[in-house]
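Below: one structure in structure tokens.
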Amino acid sequence: MINKIVSLFILTAIVSGFTLGNPAKHYVAHKPKIVMQEESNTAKAFMQVGPRLKSPRQATPFDLSWVFIDSMQNWFGTGSSHLTPLSYDPWSNSLGVIHRGHASIDPDGQGHSGVMWYNTSTDEGATWTRCSAALNGDIPHYGRYPSGTISNPSHSTDPSGNIFEYSYPQLNPSAFGYLGYGLDPFSACTPFAVEFQGTDYVYPCPMWTSEDANPYIYFTVWKQTAAGENEIGFWQTTNQGETWSETHVFGASDFATLSSRGGHGRSFGSSLYIECAAKPDTNPGPLQFALFKSNDNGSTWSSAEWVNWHSISALADYDDIGSLDGEVADELAIDNNGNEHIFFTVVDTNVTPNTLKMVEVYRDGANWGSNIIGDRTLSLVTGVGTLQQMDNELHCSWNKEHTEFVLTWIDAPNNGDTYGDIFAKGWKNGSWYPTVNVTNTPTEREMNTHLAQYNKLNGDGSARIYLMKTEALVAVNEDSIDNTLFAGIWSAGYDYPFASGVTERENGVPAKFALYRNYPNPFNPTTKIAFDIAKASSVTLKIYDITGKELETLYNGYREAGKYEATFDASKYASGVYIYKLQSDNFSASEKMILTK
């Protein structure tokens with residue numbers, strides 16, 4: 001409770017107008033601002049408070065096993081939800097992380113914190129190795145907010161043929177304006193980098209690769225002209241990073257107002273997609289989403305297709321895109337049919353307090369459909385100090401076949417809590433699966449989290465996602481955390497349980513625990529079992545024969561509050577009467593069912 005009160009004080013004190021319980025507060029996303037807080041270019045004295053955190057580590061028995069990757073000078077390098085610092089190549093099963101280094105390892109000894117380094121792993125994040133050469137060692141060390149990706153156009157299983165590609169905004173050196181980009185043969189530690197001396201580039205520069213056999217890599221970047229107009233620059237290389245060029249700019253002819261930092265780019269076959277939160281005109285009304293598509297790997301682009309989510313009847317009561325810190329936290333995924341799925345938060349400002357909900361808008365033939373993904377709390381503490389540009393840190397990953405994707409985000413487990421946990425929710429072949437609290441760390445905040453764009457579909461049907469987070473290198477009290485302490489980046493893998501056979505049957509939190517009669521009953525050979533979980537807890541759903549002998553477990557794990565449904569396949573059992581039993585922390589119930597063959 002002390003930690004929660006302290007973090008609540010921080011939120012109230014440093015984020016103007018965000019006082020909890022303020023009925024005048026509207027949690028509406030706004031136009032992005034350039035955050036340019038002073039950062040020292042010299043190493044600061046190390047502040048040792050408590051013992052160093054050990055690797056691997058778990059804060060609680062329910063937490064992931066986090067492995068230490070490397071250190072950074074401060075929190076800024078990972079402090080934007082639109083970055084792609086963590087990359088995973090599903091064909092060669094290799095990982096890469098780009099980050100700003102600790103000033104003590106500046107290769108020219110000047111203590112710069114804008115030096116770029118990267119670490120690689122070929123054992124799914126169990127161990128990490130830092131490349132011995134700085135990625136931008138041969139150009140000025142003024143990099144910020146880096147992104148990276150792994151290029152493997154031949155889809156080889158051997159990571160030695162991969163190329164690590166990277167991009168980042170470069171200070172000029174007193175303000176944003178330049179770009180930096182480059183490559184390194186995977187783990188070869190022989191990088192080369194280019195400083196592009198533009199005038200209007202801001203940040204971030206999220207990267208992605210072509211999915212066909214072409215050696216194409218792309219990144220987008222938020223631009224702000226001298227006249228104050230926001231644009232999206234599209235950069236590409238057709239020769240695996242040897243040369244780069246800006247081949248298209250989305251700007252005033254495409255939208256009247258841009259409210260997300262550079263948009264999201266995705267590949268599907270030879271098609272490219274870019275999505276951004278914007279408005280088509282200056283008329284009053286909520287933000288919409290502009291979609292641009294290229295069917296020739298970025299050579300030509302369509303005009304904007306406007307996704308007016310507010311016109312969908314299920315979302316008409318919400319006023320605008322919502323946010324706790326004003327940042328638009330949105331995501332884009334492409335399914336195996338080439339259909340777009342856009343994820344974001346909506347806000348209802350007509351109620352006190354406001355209501356925030358995470359939603360999905362997806363292409364449904366010639367129309368757009370929607371789903372409510374879940375509720376959000378208003379009490380979550382976002383960001384670190386004055387670095388407020390991540391909202392709920394929404395991210396998405398997918399398998400290389402695009403048959404499933406997994407969302408992750410940060411939220412407080414309950415209204416009134418201020419510490420955020422990492423949550424995950426999966427979609428597979430058209431169906432949504434339950435929300436899972438991945439970390440369950442009530443005494444720790446998960447901050448500056450990122451997710452590799454690709455995941456791996458395991459043999460048991462689960463999806464392995466790859467996460468990273470940033471935290472102080474030492475265990476410190478919450479009120480001692482600031483953005484000048486040396487920070488560490490950590491990684492963990494998590495197997496999202498698609499294989500559990502449990503899905504959400506409808507949205508909402510039930511008033512009480514319940515177990516319902518299976519349907520159909522009698523059945524042959526499959527039947528569905530519905531149940532309600534009123535409070536997040538550990539849950540088991542088991543099948544027994546009529547004598548009480550346990551036959552199988554349909555589910556055993558931690559579940560968020562919700563309305564669920566499990567499928568029981570009795571193909572291997574004989575006709576007869578069977579029993580199914582639901583048990584949680586404070587609830588137990590059983591029912592009979594009849595198998596007739």
Side-chain angles (χ1 to χ4, degrees), residues 7 10-11 14-18 27-37 39 72 74-86 97-100 144-147 168-169 202-206 220 222 259-264 276-277 287 321-332 343-345 347 356 358 376-397 407-412 418-424 438-439 441 444-453 467-472 478 481-483 487-490:
S7 57
I10 293 172
L11 179 69
I14 66 176
V15 185
S16 176
F18 275 64
Y27 296 87
V28 177
H30 53 57
K31 204 171 182 177
K33 297 179 180 179
I34 299 175
V35 176
M36 190 62 191
Q37 182 168 324
E39 298 184 53
M72 300 189 299
N74 52 41
W75 300 83
F76 283 79
T78 57
S80 172
S81 60
H82 296 279
L83 303 175
T84 56
L86 172 64
V97 171
I98 184 171
H99 57 94
R100 290 168 57 187
R144 297 293 187 268
Y145 297 110
S147 289
Y168 54 89
V202 193
Y203 61 91
C205 305
T220 57
W222 172 32
S259 292
S260 56
R261 299 180 190 271
H264 295 279
C276 62
L287 288 168
I321 295 178
S323 175
L324 287 180
D325 63 5
E327 188 78 8
V328 177
D330 55 331
E331 264 290 1
L332 172 67
F343 310 100
F344 56 102
T345 293
V347 59
L356 291 176
M358 288 177 54
R376 287 186 55 185
T377 68
L378 300 180
S379 56
L380 171 70
V381 173
T382 62
V384 180
T386 58
L387 192 62
Q388 295 287 324
Q389 51 189 24
M390 296 193 73
D391 189 35
N392 68 336
E393 307 185 20
L394 178 65
H395 302 294
C396 186
S397 73
L407 293 175
T408 62
W409 66 91
I410 298 295
D411 204 355
T418 55
Y419 279 21
D421 288 332
I422 299 175
F423 290 82
V438 173
T439 50
T441 52
E444 289 195 3
R445 289 178 60 198
E446 317 297 351
M447 292 180 285
N448 287 28
T449 61
H450 291 279
L451 179 70
Q453 290 182 340
L467 296 141
M468 64 175 279
K469 68 175 180 177
T470 305
E471 59 184 21
E478 178 64 25
I481 289 180
D482 63 37
N483 53 25
I489 46 176
W490 301 71

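Quantities reported herein were computed from a predicted structural model and do not represent experimental measurements.
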Discussion item. Please tell me whether T470 and T78 have a donor and an acceptor in their side chains that are separated by less than 3.5 angstrom.
Written reply: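 Per modelled atom types, T470 and T78 side chains form a pair under 3.5 Å.
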Worksheet item: Are R376 and T345 linked by a side-chain donor-acceptor pair shorter than 3.5 Å?
Response: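 Yes, T345 and R376 have a side-chain donor paired with an acceptor closer than 3.5 Å.
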Worksheet item: What closest approach, in Å, do L380 and A412 show between heavy atoms, and which atom pair accounts for it?
Response: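 That would be CD1-N, 3.8 Å.
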Discussion item. Run T441 and E446 through side-chain contact (heavy atoms from CB on, under 4.5 Å) and show every step you take.
Written reply: CA-CA 8 Å; T441 52; E446 317 297 351; 2.6 Å; yes
Fill in: Straight-line distance of L83 CG to Y203 OH, nearest 0.5 Å
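OH of Y203 is found 9.5 Å from CG of L83.
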Item to complete: Look only at the side chain of E327 and the backbone of A29, and say whether a donor-acceptor pair between them is shorter than 3.5 Å.
Response: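 It does not hold such a pair.
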Fill in: Closest approach of G77 to P146 (non-hydrogen atoms, all atoms of both residues)
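Looks like O-CD, 3.6 Å.
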Worksheet item: At what distance, to the nearest 0.5 angstrom, does OG1 of T408 lie from CZ of F423?
Response: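 That separation rounds to 12.0 Å.
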Worksheet item: Do P206 and T220 touch side chain to side chain, with heavy atoms closer than 4.5 Å?
Response: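 Of all side-chain heavy-atom pairs linking T220 with P206, at least one is under 4.5 Å.
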Fill in: Backbone N/O of G383 and side chain of R445: donor-acceptor pair under 3.5 Å
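Yes.
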Item to complete: Ignoring hydrogens and angles, state whether a donor on the side chain of E393 or T449 is under 3.5 Å from an acceptor on the partner side chain.
Response: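 Yes - a donor-acceptor pair under 3.5 Å links their side chains.
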Worksheet item: Who are the ring-ring contact (aromatic ring centres under 6.0 Å, His included) partners of H82, not counting sequence neighbours?
Response: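 For H82, the residues satisfying ring-ring contact (aromatic ring centres under 6.0 Å, His included) (neighbours in sequence not counted) are H264.
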Worksheet entry | Chi angles and distances behind the side-chain contact (heavy atoms from CB on, under 4.5 Å) call for L378, L356 | CA-CA 8 Å; L378 300 180; L356 291 176; 3.6 Å; yes
Discussion item. Main chain of T84, side chain of S147: is a donor-acceptor contact present, judged purely on distance under 3.5 Å?
Written reply: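 Yes; judged by distance alone, with no hydrogens or angles, the pair exists.
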Discussion item. Check whether D325 reaches the backbone of D391 with its side chain - one donor and one acceptor, N or O, closer than 3.5 Å.
Written reply: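 At least one qualifying donor-acceptor pair exists.
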Worksheet entry | Test side-chain contact (heavy atoms from CB on, under 4.5 Å) applied to S397 and Q453, step by step | CA-CA 4 Å; S397 73; Q453 290 182 340; 5.7 Å; no
Worksheet entry | Minimum-distance pair of heavy atoms, taken over all atoms of M72 and H99 |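 Reported closest heavy-atom pair: SD-CB, 3.9 Å.
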Discussion item. Strictly distance-based, threshold 3.5 Å: is any side-chain N or O of D421 a donor or acceptor partner for the main-chain N or O of T439?
Written reply: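 The answer is no, because no donor-acceptor pair under 3.5 Å joins these two groups.
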Worksheet item: If every non-hydrogen atom of N392 is compared with every non-hydrogen atom of A329, which pair is closest and at what distance?
Response: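 Scanning both residues completely, I find the closest heavy atoms to be OD1-CB, 3.4 Å.
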Discussion item. Run the side-chain contact (heavy atoms from CB on, under 4.5 Å) test on Y145 and Y168 for me, step by step, so that the C-alpha distance in whole Å, both residues' side-chain angles and the decisive distance to 0.1 Å come before the verdict.
Written reply: CA-CA 6 Å; Y145 297 110; Y168 54 89; over 6 Å; no
Worksheet item: Between atom CD of Q388 and atom OG of S323, what is the distance when rounded to the nearest 0.5 Å?
Response: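 The CD atom of Q388 sits 9.0 Å away from the OG atom of S323.
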Discussion item. Under the rule for side chain to side chain contact (heavy atoms under 4.5 Å, CB included), what residues qualify as partners of S81, not counting sequence neighbours?
Written reply: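 Side chain to side chain contact (heavy atoms under 4.5 Å, CB included) check on S81 returns M390, H395.
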Discussion item. With rounding to the nearest 0.5 angstrom, report the CD1 to CG distance, I410 to L394.
Written reply: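 It is 10.5 Å, given to the nearest 0.5 Å.
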Worksheet item: What distance separates F343 CZ from L332 CG, expressed to the nearest 0.5 Å?
Response: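 Going from the CZ atom of F343 to the CG atom of L332 covers 8.0 Å.
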Worksheet item: Got a second to check how far F344's CZ is from I321's CD1, nearest 0.5 Å?
Response: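 Separation between the atoms: 6.0 Å.
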